[in-house]
Number of protein chains: 2
Amino acid sequence: MKMARAAKRSAVPEVATRDQLLIAAGELMIESGNVDISLSDIALKTGLNSALVKYYFGNKAGLLMALIRKVVGGSLARLDEVIATRASPEEKLKMHITGIVNTYYRFPYINRLLHFVITERGGSQGATMAAEIVKPLALSQKQILDEGVASGRFRKVDPMLFYFHIIGACDQLFYGRYILQHGFGIDDISATLKHDYVNHLYEIIVNGLLAPPNHRTAKSTRANRG
Amino acid sequence: MKMARAAKRSAVPEVATRDQLLIAAGELMIESGNVDISLSDIALKTGLNSALVKYYFGNKAGLLMALIRKVVGGSLARLDEVIATRASPEEKLKMHITGIVNTYYRFPYINRLLHFVITERGGSQGATMAAEIVKPLALSQKQILDEGVASGRFRKVDPMLFYFHIIGACDQLFYGRYILQHGFGIDDISATLKHDYVNHLYEIIVNGLLAPPNHRTAKSTRANRG
């Protein structure tokens, strides 16, 4: 085991060691259900000295930010590609929801990690992560909504409220693994369940955006009762 | 300060001491942004001996469960009352979303606390809290959905997926206080913002439930392109 690890280490370039640390950090978050992992746990899991974290990332906050960039960076780039296509706003919305749910499916800790890093006091990481992750994501969503309104198919909604709605809804199924287990008797999130959740969210949200005013019957019901 | 505290303590009955511990625990969670608070922090904040936690709640897990019951118990009872009324399914949905958002507004830690207690390994709290909180809530939501379908106004959706959608969406704005600050430049959640969020969620979700099949244009768009 020790020999195999040494051989592996000598054969891989620096970038792989860096990645090893990030992969181990993510795995630890999944195993422990906690994003506040320790450097010594990473060292134990990888067989690498925790001083390497300092070498590659400066400190633990640097490692956590690098993990967020690694996980979310690709998704944001793909979302940009989606928006640049000539697909309809509805299709873009579907691809966006699919993309977020897929990310949370593979990396169920990522929303909590983002909150953890952004909440951290006395540092600049909050502003940095917001600028790199939250703002571009919110801007892309706004573009989809604007296209929908411009095409006359979506009604106008507040993009910021839409951001919290989408992120919270997409995340909760994956955050809620133990709630799924104890509350609903489901041990694992299958590809089918993930697929069903995408469709559920998409159908509600797109119809919620498309719906013409005359479907807002609660208001008229209230008026009838008033 | 010490005298005032002693006077206060001697003047209040047992139930108030118990409540003092719960209130302090909740306040600490808001202040620290972390639900995993320590008994010594509670002792420090209340001026009460941390042994009282053992006396009233058995252990820290017992205190956390009592806090969840205190916060959510009233909301669940009010939801039962709402369901028992003759309001329309749409109105019940609106009252339900309003109730959850109000709870998260006052107790922004409560969803994370519920997850923390349910995720805790090697105990029975997960099953207990699921039975007391998650299952009754999911059942109430299912009743609203069933009434909507029976009345011919809602289309049929999976109540479990609906649960995660509603809970995640309602919670995220309050979980995301620092994201709100760094990502959107908003420091505090005002009553207006809370009210706007309820309306945003309600409009999307009720229209998503009400919408007839011919509004699901993404499918037809895909078909046209295929």
Side-chain angles (χ1 to χ4, degrees), chain A residues 33 88 90-91 93-94 114-115 118-119 121 126-127 129-131 133-135 138 153 155 157-158 160-173 175-184 186 196-197 200-212 215-218 221-222, chain B residues 33 88 90-91 93-94 114-115 118-119 121 126-127 129-131 133-135 138 153 155 157-158 160-173 175-184 186 196-197 200-212 215-218 221-222:
Chain A
S88 70
E90 294 93 319
E91 286 173 308
L93 180 65
K94 177 84 179 258
L114 185 63
H115 280 272
I118 288 190
T119 306
R121 279 158 176 82
M129 286 288 99
I133 310 290
V134 178
K135 288 179 184 177
R153 291 207 288 277
R155 63 191 178 81
V157 299
D158 183 324
M160 185 184 83
L161 303 181
F162 187 78
Y163 171 91
F164 288 105
H165 179 176
I166 295 274
I167 296 297
C170 289
D171 179 48
Q172 193 68 20
L173 182 69
Y175 183 15
R177 275 169 190 259
Y178 292 92
I179 292 205
L180 203 54
Q181 192 175 15
H182 291 299
F184 300 95
I186 293 178
D196 289 347
Y197 197 48
H200 169 91
L201 293 179
Y202 172 70
E203 289 287 328
I204 296 261
I205 292 167
V206 80
N207 284 313
L209 289 171
L210 289 166
H215 280 101
R216 296 179 210 166
T217 53
T221 310
R222 268 204 304 280
Chain B
S88 71
E90 294 93 319
E91 287 173 307
L93 180 65
K94 178 86 180 256
L114 184 64
H115 280 273
I118 287 190
T119 306
R121 279 155 177 83
M129 286 288 99
I133 310 290
V134 178
K135 288 178 183 177
R153 290 206 291 276
R155 62 190 179 82
V157 299
D158 182 323
M160 183 183 83
L161 302 182
F162 186 79
Y163 171 91
F164 287 106
H165 178 178
I166 295 274
I167 296 297
C170 289
D171 179 48
Q172 193 68 21
L173 183 69
Y175 184 15
R177 275 171 190 259
Y178 291 93
I179 292 204
L180 203 55
Q181 193 176 14
H182 291 299
F184 300 95
I186 293 178
D196 289 347
Y197 197 50
H200 169 90
L201 293 179
Y202 171 70
E203 288 287 328
I204 295 262
I205 291 167
V206 80
N207 284 313
L209 289 172
L210 290 166
H215 279 103
R216 295 178 208 165
T217 54
T221 309
R222 268 204 303 281

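What you see is a predicted model, and the numbers here were worked out from it, not measured in a lab. Every chain is numbered from 1 and lettered A, B, ... according to where its sequence line falls, protein lines coming before strand lines.
Here the closest non-hydrogen pair linking Asp158(B) and His200(A) is O-CE1, 4.2 Å. Of all heavy-atom pairs spanning Ile204(B) and Leu209(A), the tightest one is CD1-CD2, 3.7 Å. Of all heavy-atom pairs spanning Leu114(A) and Ile179(B), the tightest one is CD2-CD1, 4.1 Å.
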Does Arg155(B) form a side chain to side chain contact (heavy atoms under 4.5 Å, CB included) with Asn207(A)? I'd like the steps, not just the answer. CA-CA 11 Å; Arg155(B) 62 190 179 82; Asn207(A) 284 313; 4.0 Å; yes
Do Leu180(B) and Met160(A) pass the side chain to side chain contact (heavy atoms under 4.5 Å, CB included) test, and can you show the C-alpha distance, the side-chain angles, and the key distance before you say yes or no? CA-CA 9 Å; Leu180(B) 203 55; Met160(A) 185 184 83; 3.8 Å; yes
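The ring pair (Phe, Tyr, Trp, His ring centres under 6.0 Å) search around Phe162(B) returns none, not counting sequence neighbours. Partners of His115(B) according to the side chain to side chain donor-acceptor pair (under 3.5 Å) rule, which considers only residues two or more places apart in sequence or in another chain, are Gln172(A).
Tyr175(B) has its ring centre no less than 6.0 Å from the ring centre of Phe164(A).
Contact annotation for Leu93(A): neither backbone nor side-chain heavy atoms come within less than 4.5 Å of a heavy atom of chain B. Looking at Ala127(A), the atoms closer than 4.5 Å to chain B (heavy atoms on both sides) sit in the backbone and in the side chain alike.
Rounded to the nearest 0.5 angstrom, Thr119(B) OG1 and Tyr178(A) OH are separated by 6.0 Å. Expressed to the nearest 0.5 Å, how far NE2 of His182(A) lies from NZ of Lys135(B) amounts to 10.0 Å.
Ranking Ile133(B), Leu161(B), Val134(B) against chain A, the residue ahead of the rest is Leu161(B), based on heavy-atom pairs under 4.5 Å. Heavy-atom pairs under 4.5 Å with chain A were tallied for Gly183(B), Cys170(B), Ala169(B), Ala130(B); the largest tally goes to Ala169(B). For the set Ile186(A), Ile166(A), Asp171(A), Leu201(A), the entry with the most heavy-atom pairs within less than 4.5 Å of chain B is Leu201(A).
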